[in-house]
K.L.:
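Quick one: the structure is below, questions incoming.
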Amino acid sequence: MSNRIRTFEEYKKEYQFSVEKPEEFWAEKASHFTWKKKWDKVLDWNFEKGESKWFIGGKLNITENCLDRHLATRGNQVAAIWEPNEINDKEIKLTYKELHSKVCQFANVLKSKGVKKGDRVCLYMPMVPELMIALLACARIGAVHSVVFAGFSASALADRINDSEMTIVVTSDGSYRGAKAIGVKKIVDEAIVNCPAVKNVIVLKRTGEEQKMVAGRDTWWHDEIAKVNDQCAAEEMDSEDPLFILYTSGSTGKPKGVLHTIGGYMVYVDYSFRNVFQTEENSIYWCTADIGWITGHSYLTYGPLLSGSTTIVFEGVPTYPDSGRFWQVIDKHKVTHFYTAPTAIRSLMGFGLDPLKPYKLDSLKVLGSVGEPINEEAWHWYNDNIGKGKCPIVDTWWQTETGGILISPLAGITPTKPSYATLPLPGVQPILVDSEGNELKGNGVEGNLCIKFPWPSIIRTTYGDHERCIQTYFSTYKNMYFTGDGCKRDEEGYYRILGRVDDVINVSGHRMGTAEVESAINEHDFVIESAVVGYPHDIKGQGIYAFVICDKKGKTDEVLRTEITAVVNKIIGPIAKPDKIQIVSGLPKTRSGKIMRRILRKIAEGDVSNLGDTSTLLDPAVVDEIVNGALVALKS
Ligand code: PRX
């Protein structure tokens, strides 16, 4: 199956066609798959109602397209390579045939637990092949997977389990990450105390750490698979049936469950994977993201498997046993396509070039970047030292809600430009608008990035609350999907993402809502009020800066900071840990009580010379106090 753009000219033609005749364009892309029944209509949409439906009436199962369809031609080809945390432990290779058999087997386990089409299944697991197997097993029987990144705390896990009414959790006893072994099941146990609906927990043995198994609820993965066979017919699903829910942070409230459906997601993820990465028959593709994030869903699991590639699942971290680990894995498995985040590149840059010396990196053909803007310095380091100037870098812009990459170079086909995501993929119609929603036409403009026409993997709803979906994405600007990102279109028409324009911060490529972090901080008994903003951070891209008003009750700032950090860890997880906590006596507020975040952002950035007009504040003197305290905090 070719289905791939080969030249810049072809890209331009295909783009033009996709805008003029989107339905014909996507119908052709969809025709390459196995459908149990062809769709009746390609598209129905209404952005005012936050609705997009693709391949309406079509029946299929995505796992038949990821697995069964390949068995005749590449059954013995390796589908997934698992590279364990310990450098000297043996990798596991699963061929398409083996993966198929394991997926069917676990699908039967889920069925034996009473899981049916439409039920939500929580997967809270480390990066082991069984996570990919469990995910596909859900899709096999029509259950909806909801992977929760195993770095989230018990309380964050419980919120997600309850929000999407999940009754079964698949987990592991523990996990290995670098030099640490982490208890995973015990976090699940703690979470489930607050999730009365959970009836079953299936536990994979990974670390061998002793477990308290709750009778009638907890069973071992290995015991369960021993009871079933590996034959499981793929459930016939509607194109618009849900495939998965993935929680992501927004500017207000608790994280929302972004819901994607089967047909459109499959078609778009496959098309974007092939075209952006330009994989070939023998490519060895490695995406370093965790399966718990959208990148791990779309471009570690579904995209590579749909296109019949070999994908790597890496359990470890970039700096263990040393900071050459990524490069060692690339040489060991002869990786051709390497996809990682700018934060990883920046942190590895910090170790200099010595860790690279033992490695050739000569198998590499394409490099990718995702999750946050890549600064020019990191781009050049990646290009020069990892790609040796020979590998195109695809800077891929997209979001959990978009399901797949929307703006990116196509490797080796369309031009690249440091720190630019460059051009939209065919089928994607970006538009820049000013704050009133007026279109900014032509080139050399900067504004808010929206998309004016649906693409097949667009978000369908936020689980259990469609109104929130409409409010967040479809109501800011009429008849457009609003991304929340600021963006520039340069004189040549290339797009450069400038970062979020809402109260969302991007820490090491992970989205955090400032409101979410504030509400965790406010759980500390002594905290009266807090305000969280992002500030530029050399490695993480953005760091979390918290301004907190406390009733100190004799405690020192140092003690309060430690305690507040512990509360955030407990409520969200270590990824939300504030980098700076400044205890303040007041916050800059307008007379109507609104916190002036613009001022706090400037202070956090260390840009205190130009704070704008502070005379309208309720208490202008508070700004001086915060500035003085911040100068101390920023030095620490
Ligand atoms: O701000 C953009 C940034 O990450 C946000 C999406 O986060 P999430 O849903 O967690 O998905 C991350 C992986 C797709 C976007 O709104 N972002 C993502 N990719 C890029 C980026 N910013 C700049 N350049 C990118 N390539």
Side-chain angles (χ1 to χ4, degrees), residues 147-149 151-152 244-251 255-260 265 268-269 272-273 276 287-303 339-346 367-376 378-379 382 393-409 416-425 428 430 448-451 457-459 462 472-473 476 481-488 494-514 516 534 536 540-542 575-576:
V147 185
V148 178
F149 172 61
F152 279 116
F244 65 86
I245 299 167
L246 191 56
Y247 283 83
T248 191
S249 298
S251 49
K256 43 194 182 295
V258 171
L259 186 136
H260 284 286
Y265 177 81
Y268 192 81
V269 163
S272 53
F273 177 78
V276 169
C287 164
T288 68
D290 192 287
I291 296 179
W293 308 114
I294 190 69
T295 311
H297 282 55
S298 302
Y299 299 113
L300 191 158
T301 306
Y302 286 113
Y339 190 30
T340 196
T343 189
I345 299 166
R346 286 192 297 265
L367 300 176
S369 169
V370 61
E372 46 176 324
I374 178 165
N375 48 311
E376 289 205 28
W379 194 98
Y382 199 28
I393 296 179
V394 290
D395 177 357
T396 63
W397 173 83
W398 57 299
Q399 310 177 297
T400 306
E401 295 86 344
T402 69
I405 297 166
L406 297 195
I407 306 182
S408 169
T416 61
K417 184 166 180 170
S419 79
Y420 279 73
T422 70
L423 298 172
L425 264 64
V428 176
N448 294 335
L449 176 62
C450 296
I451 316 285
S457 62
I458 186 173
I459 179 174
T462 45
T472 313
Y473 308 107
T476 315
Y481 166 84
F482 176 44
T483 66
D485 279 323
C487 182
K488 163 180 170 177
Y494 294 146
Y495 290 84
R496 178 183 193 172
I497 309 299
L498 302 170
R500 303 289 304 197
V501 292
D502 52 10
D503 286 325
V504 169
I505 46 187
N506 192 326
V507 184
S508 300
H510 299 142
R511 256 160 86 168
M512 297 297 332
T514 52
E516 201 187 334
K540 298 179 178 184
Q542 278 190 299
I575 53 171

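Whatever order the structure lists them in is the order used to number ligands and atoms, beginning at 1. In this text, all values refer to a predicted model and were calculated from it rather than measured experimentally.
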K.L.:
Heavy atoms under 4.0 Å from ligand 1: which residues qualify?
P.N.:
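If the criterion is a heavy atom under 4.0 Å, then ligand 1 touches Ile294, Thr295, Val370, Gly371, Glu372, Pro373, Asp395, Thr396, Trp397, Trp398, Gln399, Thr400, Asp485, Ile497, Arg500, Asn506, Arg511.
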K.L.:
Considering residues at least two apart in sequence or located in another chain, which fulfil the side-chain contact (heavy atoms from CB on, under 4.5 Å) criterion with Ser369?
P.N.:
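For Ser369, the residues satisfying side-chain contact (heavy atoms from CB on, under 4.5 Å) (neighbours in sequence not counted) are Pro342, Ile374, Asp395.
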K.L.:
Walk me through whether Ser298 and Tyr265 qualify under side-chain hydrogen bond (donor to acceptor under 3.5 Å, both in side chains).
P.N.:
CA-CA 9 Å; Ser298 302; Tyr265 177 81; 2.7 Å; yes
K.L.:
Do Pro430 and Leu406 make a side-chain contact, defined as non-hydrogen atoms from C-beta onward lying under 4.5 Å apart?
P.N.:
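SC-SC contact between Pro430 and Leu406 ruled out.
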K.L.:
Taking ring pair (Phe, Tyr, Trp, His ring centres under 6.0 Å) as the definition, give me every residue that meets it alongside Tyr473, ordered by chain and number, with sequence neighbours left out.
P.N.:
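Residues passing ring pair (Phe, Tyr, Trp, His ring centres under 6.0 Å) with Tyr473: Tyr481.
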K.L.:
Please assess Val504 against Ser249 for the test side-chain contact (heavy atoms from CB on, under 4.5 Å), listing each intermediate value before the final yes or no.
P.N.:
CA-CA 8 Å; Val504 169; Ser249 298; 5.7 Å; no
K.L.:
Test of understanding: with ring pair (Phe, Tyr, Trp, His ring centres under 6.0 Å), list the residues that count as partners of Tyr299, not counting sequence neighbours.
P.N.:
Trp398
